[in-house]
Amino acid sequence: MQLRFHNSLTRRAEDFRPIDPAHIRMYVCGPTVYDLAHLGNARPVVVFDVLARLLRRVFPHVTYARNITDVDDKINARARESGEPIGAITARTTADFHADMRALNALDPDVEPTATGHIPEMIALCEKLIARGHAYAAEGHVLFSVGSFPEYGKLSGRSPEDLLAGARIDVAPYKRDAGDFVLWKPSDTETPGWDSPWGRGRPGWHIECSAMSWKHLGEVFDIHGGGHDLIFPHHENEVAQSVCAHGTQTMARYWLHNGMLLVDGEKMSKSLGNFLTVRDILARGPWAGEAFRYLLLRTHYRSSLDYSAAALDECKAELDDFYAMLARPAPEARTPRAMVDWVLEPLGDDLNTPLALARLRDLRTLENIANVGGSPAAVHARTPEAWHPVPGEARAAVLEAAQVLGLLWQDPAAWRQGGGDADVDAAIAARLAARAAKNWAEADRIRDALKAQDIILEDGPQGTTWRRA
RNA sequence: GGUCCGAUGGCCGAUUGGUUAGGCACGGGACUGCAAAUCCCCCUAGGGCGGUUCGAUUCCGCCUCGGACCUCCA
């Protein structure tokens with residue numbers, strides 16, 4: 001399967017040509033652990049989780065690295081405000097992050113380096129950059145010299161003049177050039193710091209990712225991912241650091257950036273009152289994690305995505321339909337390879353998850369037709385060949401393809417009836433007796449009483465089943 | 001102000017130089033004691049103005065609107 005990705009570096013869709021097809025290496029910028037993950041933080045996690053699953057399906061060996069930034073001035077500020085020790089904040093927030101992302105069925109990356117675990121590598125990078133004339137020490141700082149790297153601005157598509165013209169920061173006096181950025185900065189006794197050739201200090205943000213990707217993926221690797229808002233300055237600076245330190249042509253061959261997530265049409269912010277954490281979503285119910293994942297995947301990863309509670313409910317309804325199909329007894333059947341490939345094919349085209357989901361729904365319809373009856377003509381108009389509905393086959397294909405999307409991993413009965421213990425069997429038996437006596441009023445009364453508890457009965461050929469609304 | 005991205009039905013969202021996928025909502029039907037689930041049908045849309053073309057939603061230009069970034073935001 002040939003993969004194609006839109007490469008931010010060239011602003012074009014390109015065929016994916018691995019550096020080493022036997023070993024694919026991907027790095028994605030992870031969270032700064034000072035607060036609970038918000039909805040926007042979850043988007044790159046889910047998007048690149050799907051990409052990692054796809055890569056693992058296509059290539060024999062994949063190393064996916066996603067870092068934890070656990071040294072940062074936002075963390076320091078949080079500790080000063082709350083009085084909680086920094087180590088406690090980062091440990092708790094990291095655990096919360098892991099729990100939240102697992103609730104979205106995002107697999108753990110293969111390696112999850114921490115910034116504090118890679119201070120020696122960061123110092124080594126600073127020394128290499130100074131030795132090569134790309135950085136200089138000044139007043140306890142180490143600064144990257146933007147003027148030493150002619151290609152600075154290539155990733156973000158800016159010229160150094162543009163960057164300078166748009167700069168809205170105060171230029172520190174020790175900077176040789178307004179665009180120079182910090183690799184290392186001094187720490188006072190109240191601030192976390194590590195001994196270095198330039199005195200006790202701490203790393204700048206950008207150097208962390210250069211150090212961690214170098215350590216775990218090498219000087220040049222295949223894919224670098226992250227949010228679109230990180231292109232400048234974070235990724236631009238990463239490229240400058242890594243390329244200049246190692247003397248390589250590039251840092252990563254393919255740069256993938258996900259679009260921003262909006263809430264009710266506006267960017268999330270605490271001042272607007274539309275700031276939502278993943279935990280807020282998960283509190284909606286046991287279905288909410290998967291419904292949110294579905295919501296993220298039904299929009300192409302590069303588009304901006306507008307979150308709303310109504311959209312989340314719609315995603316739950318769509319998953320209800322899938323789980324209704326999966327809950328129906330089905331015979332063991334072979335998994336038709338062609339059906340799985342047909343669903344996954346769009347993923348190879350710059351991770352077109354919305355089209356893959358549409359095809360997954362077509363397979364669901366095919367399975368329903370095999371079991372319940374109907375005409376496959378509408379589905380056949382879209383499929384590459386007229387697959388005959390055979391009970392169990394499309395179902396098996398749905399389950400295998402959904403694994404790559406990280407969907408439909410839950411037990412269908414648990415999905416339909418989960419969210420609390422309910423003993424409805426006795427009520428169903430009583431209603432069955434009333435129906436046998438053609439006492440429709442009593443039968444409907446029982447059904448309505450259950451409905452008042454959000455329990456929906458479904459009479460089918462194999463008897464009566466139930467689910468939660 | 002600069003750089004870049006986008007605009008598709010009531011809503012969400014793909015594909016495409018030649019009758020605009022799919023989903024949700026709405027409406028109708030089959031099935032059902034009535035429902036639910038399922039299936040069938042219906043709903044046929046490309047911001048505005050130009051250009052290229054036999055033909056433009058698709059390619060190009062301008063305008064409008066929205067968004068991202070412009071030195072530590074996913």
Side-chain angles (χ1 to χ4, degrees), chain A residues 8 11 28-32 37-45 47-48 69 72-74 146 153 156-159 161-171 178-182 204-208 225-234 236-237 257-262 265-269 295 298-300 302-306 308 310-311 313-315 317-318 320-321 324-325 327-328 346 349 352-362 365 368-369 371-378 381-382 435 438-441 443-444 447-448 451 456-460 464-467:
Chain A
S8 301
R11 290 166 192 78
V28 174
C29 290
T32 300
H38 60 65
L39 261 34
N41 293 313
R43 174 120 94 143
V45 172
V47 163
F48 292 107
T69 295
D72 182 272
D73 285 351
K74 281 199 289 291
V146 170
S156 54
R158 293 146 206 266
S159 67
E161 301 81 64
D162 290 340
L163 294 168
L164 210 58
R168 56 185 184 194
I169 48 154
D170 295 327
V171 178
D180 293 352
F181 57 91
V182 170
W205 179 35
H206 315 301
I207 198 73
E208 299 178 9
H228 189 256
D229 53 348
L230 294 184
I231 291 178
F232 190 88
H234 185 52
E236 190 71 59
N237 291 355
H257 290 100
N258 62 273
M260 297 294 99
L261 183 145
L262 308 176
E266 293 180 301
K267 189 174 181 180
M268 266 195 301
S269 76
L295 180 114
R298 72 178 195 158
T299 298
H300 187 90
R302 287 195 289 116
S303 303
S304 62
L305 184 164
D306 190 14
S308 69
D313 290 339
E314 188 178 305
C315 291
E318 292 212 33
D320 283 343
D321 293 343
M325 181 273 282
R328 229 167 14 230
D349 181 16
N352 189 343
T353 52
L355 190 56
L357 286 175
R359 291 183 175 186
L360 200 66
R361 282 190 292 264
D362 269 336
T365 299
N368 286 335
I369 287 169
N371 285 276
V372 186
S375 166
R382 294 183 287 273
R435 292 178 68 204
K438 295 198 190 305
N439 184 352
W440 308 126
D444 289 351
R447 188 171 62 197
D448 290 344
K451 190 174 182 193
I456 311 284
L457 297 187
E458 297 178 355
D459 297 330
T464 299
T465 59
W466 64 277
R467 65 182 167 92

Q.
Tell me which nucleotide, if any, is Watson-Crick or G-U wobble paired with B:rU19 when both distances must be under 3.5 Å.
A. none

Q: Please state the P separation for the pair B:rU8 and B:rU3 - nearest whole angstrom.
A: 25 Å

**Q.** Full working for side chain to side chain contact (heavy atoms under 4.5 Å, CB included) between A:Leu305 and A:Leu295
**A.** CA-CA 9 Å; A:Leu305 184 164; A:Leu295 180 114; 4.0 Å; yes

Q: Rounded off to whole Å, could you give me the CG-to-P distance for the A:Asp321 and B:rG22 pair?
A: 16 Å

Q: To the nearest 0.5 Å, tell me how far A:Lys74 NZ sits from A:Thr32 OG1.
A: 5.0 Å

**Q.** N or O in side chain of A:Arg11 less than 4.0 angstrom from B:rC4 OP1/OP2
**A.** no

Q) Rounded to the Å, how far apart are A:Glu458 CD and B:rC34 P? A) 17 Å

Q | Mate of B:rC65 where both pairing distances stay under 3.5 Å, Watson-Crick or G-U | A | B:rG6

Q.
Salt bridge or not between A:Arg447 and A:Asp444? Use side-chain N to carboxylate O under 4.0 Å.
A. yes

Q. Which nucleotide in the set B:rG23, B:rA74, B:rA14 lies at the smallest distance from any side-chain heavy atom of A:Asn352?
A. B:rA14

Q | Strand partner of B:rU53, provided both Watson-Crick or wobble distances fall under 3.5 Å | A | none

Q: Take atom CD of A:Glu314 and atom P of B:rG13, then tell me their distance rounded to the nearest Å.
A: 10 Å

Q.
Any base atoms under 4.0 Å from A:Gly204, or only sugar-phosphate, or nothing? Heavy atoms, all strands.
A. nothing

Q.
When the C1' atoms of B:rU58 and B:rG6 are compared, how many Å lie between them, rounded to an integer?
A. 15 Å

Q) Base, sugar-phosphate, or nothing: which does A:Gly30 touch, judged by heavy atoms less than 4.0 Å apart? A) nothing

Q. Over how many whole Å does the gap from A:Asp229 atom CG to B:rA74 atom P extend?
A. 7 Å

Q.
Quick check against the 3.5 Å criterion: does A:Asp459 have a side-chain atom that pairs as donor or acceptor with the backbone of A:Thr464?
A. no

Q. What is the distance from atom OG1 of A:Thr465 to atom CD of A:Glu458, rounded to the nearest 0.5 Å?
A. 4.5 Å

Q.
Taking pairing as Watson-Crick or G-U wobble with both contacts under 3.5 Å, can you name the mate of B:rA30, or confirm there isn't one?
A. B:rU38

Q: Starting from the 5' end of RNA chain B, give me the residue, A:Ala377 or A:Ala42, whose nearest nucleotide shows up first.
A: A:Ala377

Q. How many Å lie between CG on A:Asp444 and P on B:rC34, as a whole number?
A. 11 Å

Q) For A:Leu230 and B:rC5, what is the distance between atoms CG and P respectively, to the nearest whole Å? A) 19 Å

Q: With C1' as the reference atom in both, quote the distance from B:rA7 to B:rC63 in angstrom, rounded to an integer.
A: 14 Å

Q: For A:Arg302, answer base if it contacts any base atom (sugar-phosphate contacts may also be present), sugar-phosphate if it contacts only those atoms, and nothing otherwise; contact means non-hydrogen atoms under 4.0 Å.
A: nothing

Q. So, is A:Ser304 near the phosphate of B:rA68, with a side-chain N or O under 4.0 Å from OP1 or OP2?
A. no

Q: State whether A:Lys74 places a side-chain N or O below 4.0 Å from either non-bridging phosphate oxygen (OP1 or OP2) of B:rC73.
A: yes

Q. Please walk me through it: do A:His234 and A:Phe232 pass side chain to side chain contact (heavy atoms under 4.5 Å, CB included)?
A. CA-CA 5 Å; A:His234 185 52; A:Phe232 190 88; over 6 Å; no

Q. Would you find a donor on one side and an acceptor on the other, under 3.5 Å apart, between the side chain of A:Asn352 and the backbone of A:Leu355?
A. yes

Q: Could you pick out which residue, A:Ala317 or A:His300, lies toward the 5' side of RNA chain B when each is mapped onto its nearest nucleotide?
A: A:His300

Q.
If you compare every side-chain N and O of A:Ser156 against the phosphate oxygens of B:rC69 (OP1, OP2), does one of them come in below 4.0 Å?
A. no

Q) How long is the line joining NE2 of A:His257 and P of B:rG6, in whole Å? A) 16 Å

Q: Pick base, sugar-phosphate or nothing for A:Leu355, based on heavy-atom distances below 4.0 Å to the nucleic acid.
A: base

Q) Which part of the nucleic acid, if any, lies within contact of A:Thr365, taking any heavy atom under 4.0 Å across all strands shown: a base, the sugar-phosphate backbone alone, or nothing? A) sugar-phosphate

Q | For the student: nearest non-hydrogen atoms of A:Ser375 and A:Ile369, plus distance | A | O-CD1, 3.3 Å

**Q.** Selected nucleotide, minimal atom distance to A:Val372 side chain, candidates B:rU38, B:rC34, B:rC40
**A.** B:rU38

Q) Can you check side chain to side chain contact (heavy atoms under 4.5 Å, CB included) on A:Arg361 and A:Asp321, steps first, answer last? A) CA-CA 9 Å; A:Arg361 282 190 292 264; A:Asp321 293 343; over 6 Å; no

Q: Go through B:rA74, B:rG33, B:rC69 for me and flag the one nearest to the A:Arg435 side chain.
A: B:rG33

Q: Look at all strands and tell whether A:Leu261 reaches a base, only sugar-phosphate, or nothing, counting heavy atoms closer than 4.0 Å.
A: base

(Q) Base, sugar-phosphate or nothing for A:Arg359? Non-hydrogen atoms, less than 4.0 Å. (A) nothing

Q: Just call it for A:Gly460: base, sugar-phosphate, or nothing, with non-hydrogen atoms closer than 4.0 Å on any strand.
A: nothing

Q: Can you tell me, in whole Å, how much space there is between the P of B:rC54 and that of B:rG2?
A: 38 Å

Q. Which nucleotide in the set B:rC40, B:rA36, B:rA74 lies at the smallest distance from any side-chain heavy atom of A:Arg467?
A. B:rA36

Q) If we take the C1' atom in both B:rU38 and B:rG17, what is their distance in whole Å? A) 40 Å

(Q) Under 4.0 Å, counting only non-hydrogen atoms across every strand here, what does A:Asp362 touch: a base, just sugar-phosphate, or nothing? (A) nothing

(Q) If I pick the C1' atom on B:rA35 and the same atom on B:rA30, what distance separates them, to the nearest angstrom? (A) 15 Å

Q. Quick one: is A:Arg382 getting a side-chain N or O under 4.0 Å of the B:rG22 phosphate, OP1 or OP2?
A. yes

Q) Base, sugar-phosphate alone, or nothing: which one does A:His228 contact when heavy atoms must sit under 4.0 Å apart? A) sugar-phosphate

Q) How far does the P atom of B:rC12 sit from the matching atom of B:rG47, given to the nearest Å? A) 14 Å

**Q.** Among B:rC34, B:rC24, B:rG13, the nucleotide that comes nearest once only the side chain of A:Pro354 is considered
**A.** B:rG13

Q | Under-4.0 Å side-chain N/O to phosphate OP1/OP2 contact, A:Asn368 with B:rC39 | A | yes

Q: Measure from NZ on A:Lys438 to C1' on B:rC34 and round the result to the nearest Å.
A: 13 Å

Q. Which of the following nucleotides, B:rC72, B:rC34, B:rA74, is nearest to the side chain of A:Asp72?
A. B:rC72

Q) Taking atom C1' in both B:rG48 and B:rC40, what distance in whole Å separates the two? A) 40 Å

